[in-house]
Amino acid sequence: MKGYLSKITVIIAMCFSVLILACNFSPADAKGKPEAIGGRLDLTSWSWEQDGIVALDGQWEFYWQELLTPEDFKDSDATTKKNFITVPRAWNKYVINGEDLTGDGYATYRLLIHTSKDQILGLKIPRVFTAYNLWVNGQLLASSGNVADNKDEMIPQYLPKVKYIKPETDTMELVMQVANYRHRSGGILESLLLGSESQISQLRAKNLALELFLFGSLFIIGFYHFGLYIFRTKDRSTLYFGIYSVLIAFRTLLVGEMFFINLSPNFSWEIAHKIQTLAYYMGVPLVFLFLRSIFPKDVSKKVNGCIQAFGLSFALLVLLTPARIFTYFNPLYQLFTLLVIPYALFIVCSICYKKREGAYLIGVGVVILIVFTLNDIIFLSIYLNDSNDHILRSFVTKGNMSSWGLLIFVFAQSLVLAKKFSKSFTKVELVTEQLQKLNESLEEKVKERTHALETSKKELEEAYQAVSRSEKSRQNLVQNISHDLRTPLTSIKGYVGAILDGTVNKSDQQKKYLGRVIDKVTMLNHMVQQLMELSKLESRQLKLNCCPVSLKWLIENVTEKYSLDFKSSNIIFETNYPYGWKDESDWDEQLLKVDMEQLDRVFTNLFSNALKHTPTGGQINLNFYLTEDGEKILIEVADTGTGISAEELPFIFERFYMVSKVRQNSSKNSGLGLAIAKEIVQYHGGDIWVESEIGKGCSFFFTLPILDKNGTSSFDIS
């Protein structure tokens, strides 16, 4: 799968390269291009619509050390120093009078073009080394910099232009003054293009669009890699790649159509030229720094150090010297570049052979960058520019291709980054998944331990509460035994003593006294039994046997069970259902979780007290209500008896508390019934209280929790 993807990448890169070459293919190459001969170019048979744009290449009239104007050519004496020079090429090493010319100097170029008239034509003027004035048919059409016959007055400027001409005759005269004292090469090094107005406009627009696209792409990619380096400084490859991309991006604005110079025509030619050259000089060491940062085992540290030293030396040369000096060293650096290219290819072959990660993609990008860089080196080389009709001109027709090579390199690097990030994300996801599983396992263990701790804590709390209740119950039991059992025991002792000491000696009296002893013993037995039950309830040692029952069943069961007792006593008994629950389906669905045996003791105690203290013909009501929060049932046992005073109400549920005579129980009553009822209700999670007034009866209230749909209540009965 990896090999398949690598092949696809190679195919895409190659197609991209062919597309770029096609976009930069000269329209004049579509047909056998005409060439100027003896200073004349015949275009009478050239069709602009069918044949396209033509390059004004060939032999131009050349006047060395002469700054002539169209007016000068009206005088036949002006042509006495006429020579012919091939355009495009530098005048360096051009031989005049047996001497080779250098780059410094000035000259006049002249070309006569025979073409049809009455048609607007466009003329695309490239950068000229390094200042020019151009006249067409006697009119000054364009200029760049300041042309002068000395280096003090001469001002260099690179400024490609597009101008439009409407010939009025069949012959069009081009006169161009060129001067150079700032660059190693002088003259017209690139072709002037002539075509129809629309063709030249479209060519100019296309070139600008491509260069701006190239600038934007490289600029964004460069700062993107800066961002990557900021967030991960350990990987320096992104830093080197970002610097290289930004350098080439700025260089793109200063070559070709020179968009930046068009925006700022007064920008320093010297600075612009330094930026162009530095981008090239720094590019070579940056590429090798990039390769070493990615493949440290495959790039020699010593060789890489030599490349960095050589590149830095030439960069300092550019920064510290003017263009007229450092441009003379361009051929040496071009030779250096040609020498390190085989080493770069060796690195590519090595990493591909060893199957390093991303080797194929990086290798394709490096090879294409090398090919495009070679194109620019050849196009700008002195061997091409200082010679006539060099064979390489047939293959290398365009410059500034290294930027496109870098863009393809960026594309390959982006695929490597994407693959690396994808692999990293996959690892992160895998590690995250493992951590999640580990975390879940730890969470489960923590939950288990926490649950165990909570359970232990709960058990300890319950045990503590049980111990506290037991201790309290024990104390109460001891107090009750020592206090409340003392009186009946004293009475028994007195009765038995009276019989034994002869005070009571009659048989009938002795039987009477012994009967009282039996009654006291029975009462003591009942009291002790109730005390034991109350103690177990208080300490929660008596476990409730709870089960869910419907409210309807509870009401019907209690009503049926106690109705007969009330009828035999001639007391009116009435049961009132919860308000709004007249429909049986409403209150039949309400469930309570209770121990009916213990709850019967509560009802028995309350109804027993009500019967004892309600006169014949009175009334006892059993009422049911729903609390405001809807979580409990409120049960009321109300009578029309004697009632209880307000002073005694707070103590009614205390042990052995005996109310005033109007509410006193019989002698057989232990006084523990209401205390037991209170413990049973609270054990069920409810509350119990009483409301009463003397002479107006008494109402006992208690609550019981209702089970929700899940079978739980607001109080857990354990």
Side-chain angles (χ1 to χ4, degrees), residues 523 526-527 530 533-534 537 551 553-579 592 594-625 632-684 686-704:
M523 184 187 71
H526 179 67
M527 184 182 296
Q530 285 196 324
E533 290 180 356
L534 182 59
L537 285 170
L551 180 59
W553 182 87
L554 177 65
I555 295 174
E556 291 177 346
N557 180 272
V558 174
T559 302
E560 180 181 357
K561 185 174 182 179
Y562 294 100
S563 293
L564 294 176
D565 295 338
F566 293 122
K567 287 182 180 180
S568 62
S569 302
N570 294 321
I571 292 176
I572 300 172
F573 177 68
E574 183 177 338
T575 300
N576 296 310
Y577 297 106
Y579 177 75
L592 307 173
V594 296
D595 184 335
M596 283 304 302
E597 181 180 353
Q598 297 297 330
L599 195 60
D600 279 342
R601 297 181 67 182
V602 176
F603 281 110
T604 298
N605 185 278
L606 295 180
F607 284 137
S608 176
N609 286 337
L611 279 171
K612 290 176 182 178
H613 303 293
T614 301
T616 301
Q619 183 173 344
I620 297 176
N621 292 333
L622 178 61
N623 303 320
F624 292 86
Y625 309 95
K632 293 182 179 181
I633 288 295
L634 175 63
I635 302 172
E636 178 188 12
V637 177
D639 63 55
T640 58
T642 56
I644 304 173
S645 65
E647 292 80 8
E648 294 175 312
L649 287 177
F651 311 104
I652 196 68
F653 294 103
E654 292 184 2
R655 299 180 180 206
F656 301 108
Y657 182 77
M658 308 299 289
V659 299
S660 60
K661 293 182 179 181
V662 294
R663 284 287 292 192
Q664 281 182 5
N665 298 339
S666 65
S667 60
K668 294 182 179 180
N669 198 313
S670 65
L672 297 173
L674 289 178
I676 292 174
K678 176 183 177 182
E679 288 297 329
I680 292 173
V681 170
Q682 290 181 344
Y683 206 166
H684 279 80
D687 295 309
I688 188 168
W689 68 94
V690 62
E691 296 177 2
S692 179
E693 292 183 20
I694 296 294
K696 293 185 179 181
C698 186
S699 294
F700 281 87
F701 299 90
F702 69 93
T703 59
L704 295 173

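Worth saying up front: this structure is predicted, and the values here are computed from it rather than measured.
In this structure Ile572 satisfies the side chain to side chain contact (heavy atoms under 4.5 Å, CB included) test together with Gln619, sequence neighbours excluded. Every residue was checked against the side-chain hydrogen bond (donor to acceptor under 3.5 Å, both in side chains) condition with Ser608, not counting sequence neighbours, and none meets it. Scored by the ring pair (Phe, Tyr, Trp, His ring centres under 6.0 Å) test, Tyr562 finds Phe607 as partners (sequence neighbours excluded). Take Ser563 and apply the side-chain hydrogen bond (donor to acceptor under 3.5 Å, both in side chains) test, not counting sequence neighbours, and it matches no residue. Residues forming a side-chain hydrogen bond (donor to acceptor under 3.5 Å, both in side chains) with Asp600 (at least two apart in sequence, or on another chain): Lys561.
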Please output the side-chain donor-acceptor pairs of residues 693-703 that fall under 3.5 Å, not counting sequence neighbours, one pair per line with the distance.
residue, atom, partner, partner atom, Å
Ser699, OG, Glu636, OE2, 3.1
Thr703, OG1, Asp687, N, 3.0

Step by step, work out the side-chain contact (heavy atoms from CB on, under 4.5 Å) result for Ile680 and Ile676. CA-CA 6 Å; Ile680 292 173; Ile676 292 174; 3.8 Å; yes
Test side-chain contact (heavy atoms from CB on, under 4.5 Å) on Asn557 and Met596 and set out the steps. CA-CA 10 Å; Asn557 180 272; Met596 283 304 302; 4.1 Å; yes
When you look at Asp595 and Tyr683, which way does the side-chain contact (heavy atoms from CB on, under 4.5 Å) test go after all the steps? CA-CA 10 Å; Asp595 184 335; Tyr683 206 166; over 6 Å; no
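Ile555 has its side chain within reach of Leu551: a pair of non-hydrogen atoms, C-beta onward, lies under 4.5 Å apart. Under the 4.5 Å side-chain criterion, counting only non-hydrogen atoms from C-beta, Val690 is in contact with Leu649. Counting heavy atoms from C-beta on, the side chains of Asn605 and Leu674 come closer than 4.5 Å.
Just one residue in the list Val602, Val594, Leu634 forms a side-chain contact (heavy atoms from CB on, under 4.5 Å) with Leu704, and that residue is Val594. Considering Ile635, Val637, Asp639 as possible partners of Leu606, the one that fulfils the side-chain contact (heavy atoms from CB on, under 4.5 Å) test is Val637.
For the residue pair Thr559/Glu556, the side-chain donor-acceptor check at 3.5 Å is not satisfied. No donor-acceptor contact under 3.5 angstrom links the side chains of Thr614 and Thr640, judged on distance only.
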